[in-house]
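Reckoned from all heavy atoms, side chains included, excluding hydrogens, waters and symmetry mates. Quantities reported herein were computed from a predicted structural model and do not represent experimental measurements.
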Amino acid sequence: MSAPTTTAGVEPMTHRRTLEALSGLLLVLFVALLSSTVVSTALPKIIGALNGSQTQYTWVVTATLLTATATTPIWGKLADLFSKKLLIQLAIVVFLLGSIVAGFSQSAGQLIAARAFQGIGVGGLQALVQVAIAAMIPPRERGRYNGYLGGVMALATVGGPLLGGLIVDTSWLGWRWCFFVGVPVAIIALVLLQATLKLPVVRRENVKIDYLGSALIAAGVSVLLIWISFVDNSFDWVSWQTAAMVGGSVILLALAMVVEKRAAEPVVPLAIIRERTTALAILGSLAVGMAMFGGSVFLGQYFQIGRGYTPTEAGLLTIPMMGGVLISSIVAGRLITKSGRIKPYIVFGSIVLVVGFALLGMIDHETSLFLIGGAMFLVGVGVGMTMQNLVLAVQNTVSLKDIGAASSSVAFFRSLGGTIGVSVLGAVLARRVADQMTHDLAAAGVPTSGAGETSNLNLAALPDAIQNIVRAAYGDATGHIFLISAIIAVVGVIAAVALKPVTLRTSIDLPDSVRSAAVAADAVDGAPPFDEVNVDDGRERAATGR
């Protein structure tokens with residue numbers, strides 16, 4: 001057994017030191033988010049320039065989410081074992097290399113491969129920033145600082161599409177700068193982190209890294225997501241390929257669970273994810289990720305292909321959603337810090353998310369932009385009140401030594417949900433677009449092969465008659481995938497309602513009494529005895545549930 005790494009006596013930083021450290025961390029988070037959002041409005045032109053397909057369009061997004069998902073729990077576990085600061089810097093370097101390679105891609109296939117490598121760094125940045133913040137700020141105070149996180153999310157999500165649109169609309173820049181633009185920002189973040197982030201380096205002896213468990217989890221998830229992306233397109237649902245890939249994924253993940261149960265330092269500690277709050281937060285994050293990533297990633301395509309707007313205009317049209325994220329995350333964060341209560345905001349946010357996606361499910365290629373803007377604002381409010389707070393709810397239940405594994409577990413399942421959402425909804429969109437185009441082309445007396453070898457996403461190279469058919473097909477099909485997103489988001493409402501009411505603790509680590517009880521329980525049956533840590537009038541107690 002390794003020596004304990006933390007104590008309940010860990011003192012939180014002063015407000016000034018916290019803001020200084022946050023400056024670098026928030027810039028890192030901005031870079032990670034920007035890598036996805038900057039291509040959202042530019043992607044139709046990028047894939048069109050590379051003469052790619054709708055499947056490749058989806059995979060440019062899915063590849064990053066796939067590798068980020070598969071590596072997130074590994075980064076999180078390493079954060080419990082080694083220097084968090086050094087790991088963040090390593091993730092930045094990986095991200096930088098992936099960005100440079102992506103910018104020099106000569107085909108859609110090369111771009112997808114580069115984005116997959118870039119995703120390894122993105123997974124580390126998204127997980128480790130949360131872990132570093134949890135090591136500095138108590139859960140009760142973290143609600144206030146979540147407003148800063150929400151602000152960065154909103155800035156990246158609003159500024160990214162606008163920046164991407166401006167880049168591809170500027171002839172002397174070109175789409176490759178959508179990937180190069182993050183390089184100087186990441187370098188600045190690297191230098192700033194070195195100067196401002198002062199976290200204690202905990203050195204543990206007898207550290208054992210669960211390489212086998214990590215490899216099995218990454219392989220199992222990857223095989224499953226590859227199957228989701230290609231089923232019903234390259235092969236049928238009932239086929240030997242489906243049997244091989246689904247069966248192989250189930251076997252790999254089952255073996256991973258066996259390994260995790262026996263590993264001295266499991267990458268995904270089963271005792272933590274079995275906790276009620278953690279399990280429900282994971283379920284909620286899975287649903288939020290599927291709905292949010294799977295739905296919003298196609299908005300840029302809808303505005304450009306379905307409505308005929310430029311990439312810059314498409315970026316401007318997404319502002320209502322990001323405004324919702326910014327306002328809700330700041331307001332909810334302040335109220336959570338004031339009251340210490342978190343469940344009401346998660347429940348309300350998950351309900352608003354369903355309503356927003358349901359309204360987006362009504363759109364077609366002629367829907368009023370005012371209705372679309374209102375629906376996007378509601379989606380933004382839902383995301384801002386649920387995504388970060390689900391992580392916060394989990395961080396409140398675990399000790400500081402397990403904060404990396406617990407935080408990354410939630411981030412892992414959120415990214416997994418997002419990857420599945422993008423893959424499934426992208427496949428649904430591609431099928432509906434293909435069916436509607438075939439029908440409309442036949443009705444217009446145009447051969448279905450009328451576009452030749454030109455991609456449907458390269459509208460400028462298509463005849464006017466076919467352009468109109470393509471726009472109507474994409475505009476009408478997009479509403480269907482948002483309706484599916486609303487149905488998926490209902491699962492998040494159920495998980496939020498099932499959460500136990502809890503008051504966030506005011507200490508960075510669990511109190512000694514609670515942690516001692518957990519250690520004693522581990523010695524008996526290997527599972528912590530508490531589900532929640534409640535803070536009431538300064539007194540902390542463990543709700544055993546036994």
Participant: For Val433 and Ala477, work out which heavy atoms get closest and say how close.
Facilitator: CG2-CB, 3.9 Å

Participant: Please report the closest heavy-atom contact between Leu111 and Ala102, naming both atoms and the distance.
Facilitator: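 What the structure gives for the nearest pair is CD1-O, 3.8 Å.
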
Participant: Evaluate side chain to side chain contact (heavy atoms under 4.5 Å, CB included) for Gln89 paired with Leu86, printing each intermediate quantity in order.
Facilitator: CA-CA 5 Å; Gln89 292 172 322; Leu86 180 61; 4.2 Å; yes

Participant: Would you say the side chain of Leu125 lies within less than 4.5 Å of the side chain of Leu29, judging by non-hydrogen atoms?
Facilitator: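 No. Closest side-chain heavy atoms not under 4.5 Å.
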
Participant: Applying side chain to side chain contact (heavy atoms under 4.5 Å, CB included), run through Tyr302 and Ile481 and close with a yes or a no.
Facilitator: CA-CA 11 Å; Tyr302 168 78; Ile481 65 172; over 6 Å; no

Participant: Could you note down all residue pairs passing ring pair (Phe, Tyr, Trp, His ring centres under 6.0 Å) where residues 96-117 supplies at least one of them, sequence neighbours left out?
Facilitator: Phe104-Phe180

Participant: Can you name the nearest heavy-atom pair linking Ile342 to Ala393, along with the distance?
Facilitator: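 Residues Ile342 and Ala393, closest heavy atoms: CD1-N, 4.0 Å.
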
Participant: Please confirm whether the backbone N or O of Ile346 pairs with a side-chain atom of Ser350, one donor and one acceptor, at under 3.5 Å?
Facilitator: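 Yes.
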
Participant: Decide side chain to side chain contact (heavy atoms under 4.5 Å, CB included) for Phe95 and Val28; before the verdict, give the C-alpha distance in whole Å, the side-chain angles of both, and the deciding distance to 0.1 Å.
Facilitator: CA-CA 10 Å; Phe95 170 83; Val28 167; over 6 Å; no

Participant: Looking only at side-chain N and O atoms, does Gln118 offer a donor or acceptor that is under 3.5 Å from a partner on Ser99?
Facilitator: yes

Participant: Considering all heavy atoms of both residues, which atom of Met437 and which atom of Ala473 are nearest to each other, and what is their separation?
Facilitator: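 Minimum heavy-atom contact is CG-CB, 3.6 Å.
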
Participant: Which residue pairs pass the ring pair (Phe, Tyr, Trp, His ring centres under 6.0 Å) test when at least one of the two sits in residues 256-283, sequence neighbours left out?
Facilitator: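 Ring pair (Phe, Tyr, Trp, His ring centres under 6.0 Å) check on residues 256-283 returns no pairs.
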
Participant: For a 4.5 angstrom cut-off between non-hydrogen side-chain atoms, does Leu50 reach Trp175?
Facilitator: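 Contact flag for Leu50/Trp175 side chains = yes.
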
Participant: What's the verdict on side chain to side chain contact (heavy atoms under 4.5 Å, CB included) for Val60 and Ile46, showing C-alpha distance, side-chain angles and the deciding distance?
Facilitator: CA-CA 10 Å; Val60 171; Ile46 294 173; over 6 Å; no

Participant: Is it true that a side-chain atom of Lys343 and a backbone atom of Leu499 form a donor plus acceptor pair closer than 3.5 Å?
Facilitator: yes

Participant: Among Val259, Ile217, Leu255, which one satisfies side-chain contact (heavy atoms from CB on, under 4.5 Å) with Leu212?
Facilitator: Val259

Participant: Side chains of Met376 and Leu299: does their closest heavy-atom pair fall under 4.5 Å?
Facilitator: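 Met376 reaches Leu299 side chain to side chain.
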
Participant: How far does CG of Leu128 sit from CG of Leu25, to the nearest 0.5 angstrom?
Facilitator: 10.0 Å

Participant: Decide yes or no for Ile494 and Leu283: does some side-chain heavy atom of the first lie under 4.5 Å from some side-chain heavy atom of the second?
Facilitator: no

Participant: Within a strict 4.5 Å, meaning less than it, do heavy atoms of the Leu353 and Val379 side chains meet?
Facilitator: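 When only atoms from C-beta onward are counted, Val379 and Leu353 do touch, with a gap below 4.5 Å.
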
Participant: Just by distance, do the side chain of Ser329 and the backbone of Gly384 share a donor-acceptor pair under 3.5 Å?
Facilitator: no

Participant: For the side chain of Trp227 and the backbone of Gln241, is there at least one donor-acceptor N/O pair under 3.5 Å apart?
Facilitator: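 Absent.
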
Participant: Using modelled atom types and a 3.5 Å cut-off, is there a donor and acceptor pairing between side-chain atoms of Arg432 and backbone atoms of Thr478?
Facilitator: no

Participant: Which pairs, with at least one residue in residues 238-261 and sequence neighbours excluded, count as a ring pair (Phe, Tyr, Trp, His ring centres under 6.0 Å)?
Facilitator: none

Participant: Quick check: closest heavy atoms across Leu390 and Gly284, and the distance to 0.1 Å?
Facilitator: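 That closest heavy-atom pairing would be CD1-C, 3.9 Å.
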
